[in-house]
Amino acid sequence: MFDSTRLLDRLHSRQARAGVVGLGYVGLPLAVELARSGFVTTGIDLDARKIDAINRGDSYIPDVPSSDVRELVSRGHLSATTGFAVVAELDTVNICVPTPLRKTKDPDMSYIVSAVEAIAAHLHPGMLVILESTTYPGTTEEVVQPLLERGGLKAGVDFFLAFSPERVDPGNGSFNTRNVPKVVGGMTPTCGELARALYGAAIDTVVPVSSPRVAEMVKLLENTFRAVNIGLVNEIALMCDKLGIDVWEVVDAAKTKPFGFMPFYPGPGLGGHCIPIDPFYLSWKAKQNGFEPRFIELAGHVNSSMPHAVVDKITDALNIQRKSLNGSHVLVAGIAYKRDIDDIRESPALDVMGLLHAKGARLSYTDPYVSRLAASAWPGGYELWSVSPDRLPILSIDCLVVLTDHRAFDYDALAAVAPLVVDTRNAIKRTYPHVFRLGAPKAVEQPARPSSELIAAPGA
Ligand SMILES: NC(=O)c1ccc[n+]([C@@H]2O[C@H](COP(=O)([O-])OP(=O)(O)OC[C@H]3O[C@@H](n4cnc5c(N)ncnc54)[C@H](O)[C@@H]3O)[C@@H](O)[C@H]2O)c1
């Protein structure tokens, strides 16, 4: 049995060598915080471009300033590599690799399995391994532990194992890796104590729970809570559309209640690597155990119908101007999955654009964070480049649709250049007769028919 006090001392004195596997939106900010708190930290990623960038002192994650990376690299506190051999020299390793869904909506564990197998090849007595990737309850003990134990070392005895969910919110100016409380569940009390000591050095508040399984479930409760409430408000928005009530005004008034209500806002659908995916990890695990979850499936159904509702709204709005969607030029403002970030993973904008393309619309987009949309990244199958808002007046757009409410957009300027606007985020605050909002009554005044289209009355 390994004496854990040695590792505990090394963690308290910051002499422990830390490692982070997977240097994306979660892993790079964590590696930077660990390095900043005094641990000599090594990041490991299969993507050589990310490794080169870090070792040059460049950040590729908007929330992490390059100046921070540069300083930590130059002080020798942060480095990166594509090779797992360095694991032999590390005291701790945090795993932050992707956990996507397969097409069947089953968990894709291949990234976790391959990262853990690579770590297992260099696992040594006294090491602390923490899984951070969002996953179904039971993963740490049912998947990670057996892979690590293949070499003969025992978890909780020879090495230490924990799960700690990541709660990073890219683009959030107030909350970051350091000041968001970190939930930690160790496989044994000693595993938990060591994991708390690591995070306690780098993160303001650590919240211990009794097991990895509880910590895994905490993350899924949080993300399912969001998915279900977004599903609810999306359904209310569709209802309001039919009832002629402005859902945005309703939510704004409801949120004045000082207790028992939390505002969620409608939109074109769910996006990102978490909310559209994680609840299905839970759903899959529940079904494996003979439990049929209903809220998750229902919310998924409503949320995935939203791109269709947006296309219907665009079609209706064009119809009022006596135009068909087929052949119309639709400009999409914002294709990232949420405001002020560059991430297009699972973005509902891609679904909306795919549906518009399938119905014959001509498409272009503007997004200050996403300069290029690869042909393979959306159902239309051709490459698009973001157009500068300055060029909009010369583009002969039929309809502009706001799908992501980036703060960088000048919404009044956008409304001024487009003959018709569909706003799915309530981003345009002034009232214009040619702006239609998701979940709100149609504009009071209908835009005048262009005089060129008026048929002269007989004898006129
Ligand atoms: N992005 C978010 O907002 C967010 C928030 C909370 C939790 N999470 C969870 O954190 C995990 C990571 O998400 P992310 O957004 O950082 O993903 P990401 O795609 O940005 O980064 C993952 C990184 O892992 C690397 N990688 C993949 N397989 C690897 C392997 N075998 N060995 C080493 N590196 C490997 C990839 O090259 C990539 O750089 C996921 O489980 C996700 O659900 C993400």
Side-chain angles (χ1 to χ4, degrees), residues 19-33 42-54 58-64 80-87 90 93-101 107-122 129-137 139-140 143-144 147 163-172 175-177 180-183 203 215-216 218-227 270-282 284 336-347 377:
V20 176
V21 174
L23 299 168
Y25 288 94
V26 165
L28 183 61
L30 176 68
V32 164
E33 279 315 325
T42 308
I44 305 171
D45 201 292
L46 303 180
D47 185 341
R49 284 169 310 172
K50 288 183 177 160
I51 299 309
D52 291 345
I54 293 170
D58 289 340
S59 170
Y60 43 85
I61 299 288
D63 290 342
V64 177
T81 173
T82 52
F84 277 79
V86 70
V87 171
L90 301 178
V93 64
N94 294 60
I95 304 167
C96 309
V97 295
T99 43
L101 284 176
D108 177 355
M109 302 303 285
S110 60
Y111 297 89
I112 290 185
V113 169
S114 109
V116 173
E117 283 176 341
I119 292 165
H122 305 281
V129 179
I130 306 176
L131 179 63
E132 295 217 7
S133 301
T134 307
T135 181
Y136 59 81
T139 305
T140 307
V143 177
V144 177
L147 290 172
F163 181 83
S164 177
E166 179 49 58
R167 291 163 148 177
V168 72
D169 181 22
N172 190 320
F175 292 106
N176 50 47
T177 301
V180 176
K182 196 95 172 86
V183 172
I203 287 167
E216 288 157 343
V218 167
K219 175 72 184 176
L220 293 181
L221 169 62
E222 290 168 7
N223 283 3
T224 302
F225 173 83
R226 279 191 65 74
L270 297 180
H273 187 29
C274 297
I275 311 297
I277 292 173
D278 303 344
F280 290 97
Y281 269 67
L282 182 54
W284 177 84
Y337 83 84
K338 68 172 182 175
R339 70 153 65 142
D340 301 346
I341 64 162
D342 62 354
D343 193 350
I344 59 165
R345 287 178 297 179
E346 312 289 329
S347 176

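Counting starts at 1 for both ligands and their atoms, following the listed order.
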Shortest non-hydrogen contact from [X] toward [Y]:
X	Y	value
R167	K219	CA-NZ, 4.0 Å
Y281	P107	CE2-CB, 3.3 Å
P29	V64	CG-CG2, 3.8 Å
Y60	L23	OH-O, 2.6 Å
A227	L270	CB-CD1, 4.4 Å

Short N/O distance, under 3.5 Å, between K50 and ligand 1?
yes
Candidates L46, I275, I95; heavy atom nearest atom 30 (C) of ligand 1 found on L46
N223, T99, V116, V20: member with heavy atom nearest to atom 41 (O) of ligand 1:
T99
For V143, the option from V113, L131, V116 that meets side chain to side chain contact (heavy atoms under 4.5 Å, CB included):
V113
The residue among T135, T224, N223 that forms side chain to side chain contact (heavy atoms under 4.5 Å, CB included) with D278 is N223
Counting non-hydrogen protein atoms only, what is the nearest one to [atom]? Give residue, atom name and distance.
atom	value
atom 9 (C) of ligand 1	T134 OG1, 3.4 Å
atom 19 (O) of ligand 1	R345 NH1, 3.1 Å
atom 37 (O) of ligand 1	D45 OD1, 2.6 Å
atom 16 (O) of ligand 1	V26 N, 2.9 Å
atom 33 (C) of ligand 1	V21 CG1, 3.5 Å
atom 1 (N) of ligand 1	Y25 CB, 3.6 Å
atom 3 (O) of ligand 1	P170 CD, 3.2 Å
atom 31 (N) of ligand 1	S114 OG, 3.0 Å

Report, in ascending order of atom number, the atoms of ligand 1 lying under 4.0 Å from any heavy atom of [X].
X	value
A115	31 (N)
H273	13 (O), 15 (O), 40 (C), 42 (C), 43 (O)
C274	2 (C), 4 (C), 5 (C), 6 (C), 7 (C), 8 (N), 44 (C)
P98	19 (O), 22 (C), 24 (O), 27 (C)

Quick check for you: to the nearest 0.5 Å, what is the distance between Y111 atom OH and C96 atom SG?
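Rounded to the nearest 0.5 Å, the OH-SG separation comes out at 15.5 Å.
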Spacing of I341 atom CD1 and N172 atom CG [to the nearest 0.5 Å]:
11.0 Å
Checking contacts here: is it the side chain or the backbone of [X] that comes within 4.0 Å of ligand 1, counting heavy atoms only? Could be both or neither.
X	value
K219	side chain
A118	neither
F84	side chain
C96	backbone

Do other residues, nucleotides or ligands put more than 12 heavy atoms under 6.0 Å from R226 CZ?
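Check fails, neighbour count at 12 or below.
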Do any N or O atoms from the side chain of T82 and from the backbone of A48 form a donor-acceptor pair under 3.5 angstrom?
no
Is the closest basic N to carboxylate O distance between D169 and K338 below 4.0 Å?
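Yes, D169 and K338 are salt-bridged.
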